[in-house]
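In what follows, a structure is listed as C-alpha cells, so that the remarks can point back to it.
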Amino acid sequence: MAKPSRPAPKPSLRLLDPFKGVTSSTPPIWLMRQAGRYLPEYREVRAKAGGFLDLCYNPALAAEVTLQPIRRYGFDAAILFADILLVPDALGQGLRFAEGEGPLLDPITSASDLSRLQPSATRPKYALVAETVARLRQDLPKETALIGFCGAPWTVATYMVEGRGSKDHAAARFWAYRDREGFQKLIDILVETSIDYLGQQVKAGADVLQIFDTWAGVLPDDELDRWVVEPTKRIVEGIKASYPDVPIIGFPRGAGAAALWYVSETGVDGLGCDTTMPPYMMGETFQDEPVVVQGNLDPLLLVVGGDAMDERVDEILELMDGKRFIFNLGHGIVPQTPPENVARLVERVRGS
Ligand code: CP3
C-alpha cells in the first residue's frame with residue numbers, strides 16, 4: 001500500500017536538529033500556549049471571531065493567531081491554534097466555553113452514553129483544522145516548524161466524563177475503577193480518532209506532533225500504565241505506521257518518576273518536562289534514552305521576569321548545554337504574562 005502523502009519536509013528547521021542528534025548551546029525555543037490572551041493582538045482577533053470555538057474553526061483567523069507570536073518573537077516553532085477539546089466536540093459531545101467558567105461539555109458518564117459519540121461524523125471539523133495547517137504551511141517563515149497536537153486520551157476523557165475542568169478528575173477515575181471495560185471503550189474511541197486527527201494534520205503540513213497529557217499525574221502507577229502509557233503507545237504506533245519520520249513529543253504532566261517508563265514504553269521521540277522535573281534529570285538521566293527533552297521554565301517566572309527569571313534560564317541553559325534539548329516552559333503561558341518578558345526570555349536563550 002502506498003504511504004499517505006505529505007508535503008516535502010522543509011530543509012532548514014532548527015526544531016528538528018535535536019531529533020537528529022544535532023545539539024548546540026543555543027537550543028531551539030517555542031512556548032506552550034504562545035498564542036493567547038497575554039497578547040493584545042490575540043484579544044483583538046478573538047473579539048472579532050465571536051466565541052473561542054468560532055476562532056478555532058475559522059482557518060483564516062486561527063492561522064492568523066498562530067502567526068502572531070512568530071512575528072513578535074521569531075520562535076523556532078509555531079503551534080497550530082486549536083484546542084484539545086475539539087476532539088470531543090467533533091465527536092458530537094457538545095462543547096461550549098462559558099466566560100470565566102472554562103470548557104463545559106454534556107458529561108458522558110457510562111458506557112451506554114458512548115453511543116452519543118460519532119467517530120464517523122468528525123470529518124467536517126477535522127477538515128477545518130487541517131485547512132488551518134495547510135494555510136500555515138504556506139504562510140510560516142521557511143525556518144519555522146509547525147507543531148500539530150492533540151490531547152492524550154486520558155486527559156481528554158477527564159473533561160468528557162466530568163463535563164468540565166476539575167481539580168481531582170474524580171469522575172473519570174471512578175468510572176475507570178468501577179467499569180474498566182466501559183472506560184476502555186471510551187479510551188479506544190479517543191485513540192482511534194486521535195490517530196485520524198493527527199494524521200490529517202501531518203498530511204496538511206505539520207512537521208512535529210505533541211500529545212498533551214495534562215492530567216497524567218493524578219494516576220497511580222498501574223492506572224497510569226493502562227490509561228496514559230498504553231493509549232499513547234497506540235497513537236505513536238498508529239502515526240509511525242504512516243509517517244515514521246515525524247517526531248512526536250509526549251507531555252505526561254506530573255508523571256514524575258514514571259516519565260522514564262513512559263518514554264521507553266510509548267516510543268515518543270520527545271518528552272515535554274513539567275516544572276517539577278529537576279533539570280539535572282533532563283540533562284543526565286534522559287540523555288541515556290533515545291529522546292529529546294523539552295521544558296521546563298516555570299510559567300510564573302515568565303510573569304515575574306527580571307533577574308529571577310534570568311537566573312533560572314541560565315541554570316537550565318548551562319545544564320542542557322550540548323544536550324538533545326528544546327527550550328520551553330513547564331506548562332502553558334498564563335494570561336497575565338507581560339509580552340516584554342517573553343522577548344527578554346527569547347533574547348536570553350538565544351544569547352543575543
Ligand atoms: O498557543 C497554543 O498553545 C495553541 C493552542 C492551544 C490552546 N489550548 C488554546 C486555548 C493548545 C495547545 C491548547 C491545549 C489545551 N487546551 C490543554 C493542554 C495544555 C494545558 O494547558 O494543559 C488543555 C487542558 C486545554 C483545555 C482548555 N482550553 C481549557 C481548560 C481552557 C480554559 C482555560 C484557559 O486556559 O482559558 C481552554 C481555553 C483555551 N485554549 C484558550 C486558548 C488560547 C483561552 C480561550 C480564550 O481565548 O478565551
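Both counts, for ligands and for their atoms, begin at 1 and track the order of listing. Just so you know, these numbers come straight off a predicted model, no measurement behind them.
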* To do: Using the salt bridge (charged side-chain N to carboxylate O under 4.0 Å, His left out) rule, pick out the option among Arg123, Lys203, Lys125 that qualifies with Asp196.
  => Arg123

Among protein heavy atoms, which lies nearest [atom], and at what distance?
| atom | answer |
| --- | --- |
| atom 32 (C) of ligand 1 | Pro103 CD, 3.8 Å |
| atom 7 (C) of ligand 1 | Ala82 O, 3.2 Å |
| atom 48 (O) of ligand 1 | Arg46 NH2, 2.7 Å |
| atom 42 (C) of ligand 1 | Phe52 CE1, 3.5 Å |
| atom 33 (C) of ligand 1 | Arg37 NH2, 4.5 Å |
| atom 25 (C) of ligand 1 | Ile84 CG1, 3.5 Å |
| atom 16 (N) of ligand 1 | Asp83 OD1, 3.0 Å |
| atom 13 (C) of ligand 1 | Arg33 NE, 3.5 Å |

Should [X] be listed as contacting ligand 1, given a heavy-atom distance under 4.0 Å as the test?
| X | answer |
| --- | --- |
| Gly165 | no |
| His331 | yes |
| Leu55 | no |
| Ala35 | yes |
| Tyr42 | yes |
| Phe97 | yes |

Please work out which of the three classes, parallel, tilted or perpendicular, describes the rings of [Y] and [X], given edges at 30° and 60°.
| X | Y | value |
| --- | --- | --- |
| Phe325 | Phe327 | perpendicular |
| Tyr197 | Tyr126 | tilted |
| Tyr42 | Phe81 | tilted |

* To do: Mind checking the NZ-CH2 spacing from Lys167 to Trp215? Nearest 0.5 Å is all I need.
  => 9.0 Å

* Gap separating the CD atom of Gln34 from the OG1 atom of Thr337, nearest 0.5 angstrom -> 12.5 Å

* Contacting atoms of ligand 1, where contact means under 4.0 angstrom from a heavy atom of Gln34 -> 1 (O), 3 (O)

* Asked: Which atoms of ligand 1 are found less than 4.0 Å from any heavy atom of Ile79?
  -> 1 (O), 2 (C), 3 (O), 4 (C), 12 (C)

* Is_contact(atom 4 (C) of ligand 1), protein non-hydrogen, under 4.0 Å -> yes

* Using a 4.0 Å heavy-atom cut-off, say whether Leu80 meets ligand 1 through its side chain, its backbone, both or neither. => backbone

Report yes or no: does [X] contribute a side-chain atom to a donor-acceptor pair with the main-chain N or O of [Y] at less than 3.5 Å?
| X | Y | result |
| --- | --- | --- |
| Thr193 | Ile189 | no |
| Arg164 | Gly102 | no |
| Asp89 | Leu85 | no |

Which pairs would a plain distance check flag for residues 290-313, meaning a side-chain donor or acceptor within less than 3.5 Å of a matching protein atom at least two apart in sequence or in another chain?
{"residue": "Gln294", "atom": "OE1", "partner": "Trp30", "partner atom": "NE1", "Å": "3.0"}
{"residue": "Gln294", "atom": "NE2", "partner": "Gln210", "partner atom": "OE1", "Å": "3.1"}
{"residue": "Asn296", "atom": "ND2", "partner": "Asp274", "partner atom": "O", "Å": "3.0"}
{"residue": "Asn296", "atom": "ND2", "partner": "Met277", "partner atom": "O", "Å": "2.7"}
{"residue": "Asp298", "atom": "OD1", "partner": "Leu300", "partner atom": "N", "Å": "3.0"}
{"residue": "Asp310", "atom": "OD1", "partner": "Arg344", "partner atom": "NE", "Å": "3.3"}
{"residue": "Asp310", "atom": "OD2", "partner": "Arg344", "partner atom": "NE", "Å": "3.3"}
{"residue": "Asp310", "atom": "OD2", "partner": "Arg344", "partner atom": "NH2", "Å": "2.6"}
{"residue": "Arg312", "atom": "NH1", "partner": "Glu315", "partner atom": "OE2", "Å": "3.4"}

* Please say whether Thr214 places an N or O atom under 3.5 Å from an N or O atom belonging to ligand 1. => yes

* **Closest candidate by heavy atom, reference atom 24 (C) of ligand 1, pool Phe149, Tyr159, Phe212** => Tyr159

* Among Thr158, Leu190, Asp213, whose side-chain contact (heavy atoms from CB on, under 4.5 Å) with Pro153 holds? -> Leu190

* **Check: Glu265/Trp261 side-chain N/O donor and acceptor closer than 3.5 Å** => no

